[in-house]
Amino acid sequence: MDIGALLKERRERRKETLEEVAFRADTDPGNLSRIERNRQDLSVNRLIKLCEALEISLSEFFAELEKRAGGNRLSDPAAAFDKETRRLLKTLNTVPPTRRRLILEVTETIVKSGRLA
């Protein structure tokens, strides 16, 4: 799956610059460029913002990925996650970014201590 290439193709088809799309997606052009080249991790929230900026729904985006992947079932993005992960993502979406970093640090500490399998 080449998410970055699909985002770039969509942007170029719309004849838009990195700056224009990045502004609407609340990011910077350098970050968007790294995402398009698959050199930058992409959060679900960032993907949602980029899809909105490019005027494509997540379902359309994943349908295109599915098509390019030779029919692998991706049209329901939530189906890629188990119930607990979907619940966690939904909850994390309501947490301010500064608190998300704290949650990540706590989770990493738990993993390092061997408490999670």
Side-chain angles (χ1 to χ4, degrees):
M1 289 188 303
D2 194 347
I3 291 173
L6 183 54
L7 291 168
K8 183 176 181 176
E9 282 178 28
R10 177 78 177 188
R11 177 181 61 78
E12 289 177 340
R13 247 183 294 154
R14 294 168 52 89
K15 295 182 174 33
E16 293 184 299
T17 65
L18 285 166
E19 291 80 8
E20 291 168 328
V21 175
F23 177 78
R24 288 195 313 273
D26 194 29
T27 190
D28 62 84
N31 189 47
L32 178 54
S33 175
R34 288 187 298 276
I35 290 169
E36 288 182 350
R37 292 178 287 126
N38 297 307
R39 304 238 187 263
Q40 174 76 35
D41 289 336
L42 181 61
S43 70
V44 173
N45 287 335
R46 177 69 61 214
L47 179 58
I48 290 168
K49 287 182 178 185
L50 286 168
C51 284
E52 288 171 354
L54 294 167
E55 297 179 335
I56 185 172
S57 71
L58 274 178
S59 61
E60 291 172 313
F61 184 82
F62 279 100
E64 181 61 27
L65 278 178
E66 177 182 313
K67 182 174 140 187
R68 291 174 183 216
N72 293 336
R73 298 301 301 161
L74 295 172
S75 59
D76 179 10
F81 302 110
D82 62 313
K83 182 179 178 180
E84 290 80 16
T85 302
R86 288 192 308 270
R87 189 170 148 210
L88 179 61
L89 289 170
K90 184 178 178 181
T91 302
L92 284 175
N93 196 35
T94 66
V95 177
T98 53
R99 295 295 187 182
R100 288 182 197 156
R101 282 187 228 110
L102 179 61
I103 292 169
L104 179 60
E105 290 172 11
V106 169
T107 304
E108 288 172 341
T109 301
I110 292 170
V111 170
K112 285 179 186 174
S113 72
R115 293 185 192 161
L116 291 179

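- Under the 3.5 Å distance criterion, the side-chain polar atoms of Arg39 are left unmatched by any main-chain donor or acceptor of Ile35.
- Remark: Leu47 CG to Leu58 CG distance equals 5.5 Å, nearest 0.5 Å.
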Just do the side chain to side chain contact (heavy atoms under 4.5 Å, CB included) check on Leu42 and Leu50 with the steps written out, would you? CA-CA 10 Å; Leu42 181 61; Leu50 286 168; 3.9 Å; yes
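- The pair Glu64-Arg68 meets the salt-bridge criterion, with a side-chain N (NZ, NE, NH1 or NH2) lying under 4.0 Å from an Asp/Glu carboxylate O.
- A donor-acceptor pair is defined here as one N or O able to donate and one able to accept, closer than 3.5 Å; no such pair exists between the side chain of Arg11 and the backbone of Leu54.
- When every heavy atom of Leu7 is checked against every heavy atom of Phe61, the shortest pair comes out as CD2-CE1, 3.6 Å.
- The CG atom of Leu6 sits 10.0 Å away from the NZ atom of Lys67 when rounded to the nearest 0.5 Å.
- Summarising the geometry of Pro29 relative to Ala22, their closest heavy-atom pair is N-CB, 3.6 Å, with the distance given to 0.1 Å.
- Arg100 places a side-chain N or O within donor-acceptor distance of the main-chain N or O of Val95, the cut-off being under 3.5 Å.
- Salt-bridge formation is detected for the pair Arg14/Glu55: a Lys NZ or Arg NE/NH1/NH2 atom is positioned less than 4.0 Å from an Asp or Glu carboxylate oxygen.
- For the atom pair CG of Leu32 and NZ of Lys8, the computed distance is 10.0 Å after rounding to the nearest 0.5 Å.
- Tracing side-chain contacts under 4.5 Å through hydrophobic residues (I, L, V, M, F, W, Y), one reaches Ile3 starting from Val44; they form part of the same cluster.
- Side chain of Arg46 to main chain of Asp26: a donor-acceptor pair is present (N/O by atom type, distance under 3.5 Å, no hydrogens or angles).
- Glu60 places a side-chain N or O within donor-acceptor distance of the main-chain N or O of Ser57, the cut-off being under 3.5 Å.
- Between the side chains of Ser33 and Glu36, not a single donor N or O lies within less than 3.5 Å of an accepting N or O.
- With respect to Arg24 and Glu16, a salt bridge is recorded, a charged nitrogen being found less than 4.0 Å from a carboxylate O.
- Two residues are said to be in side-chain contact when any heavy atoms from C-beta on lie closer than 4.5 Å; Ile56 and Arg10 meet this criterion.
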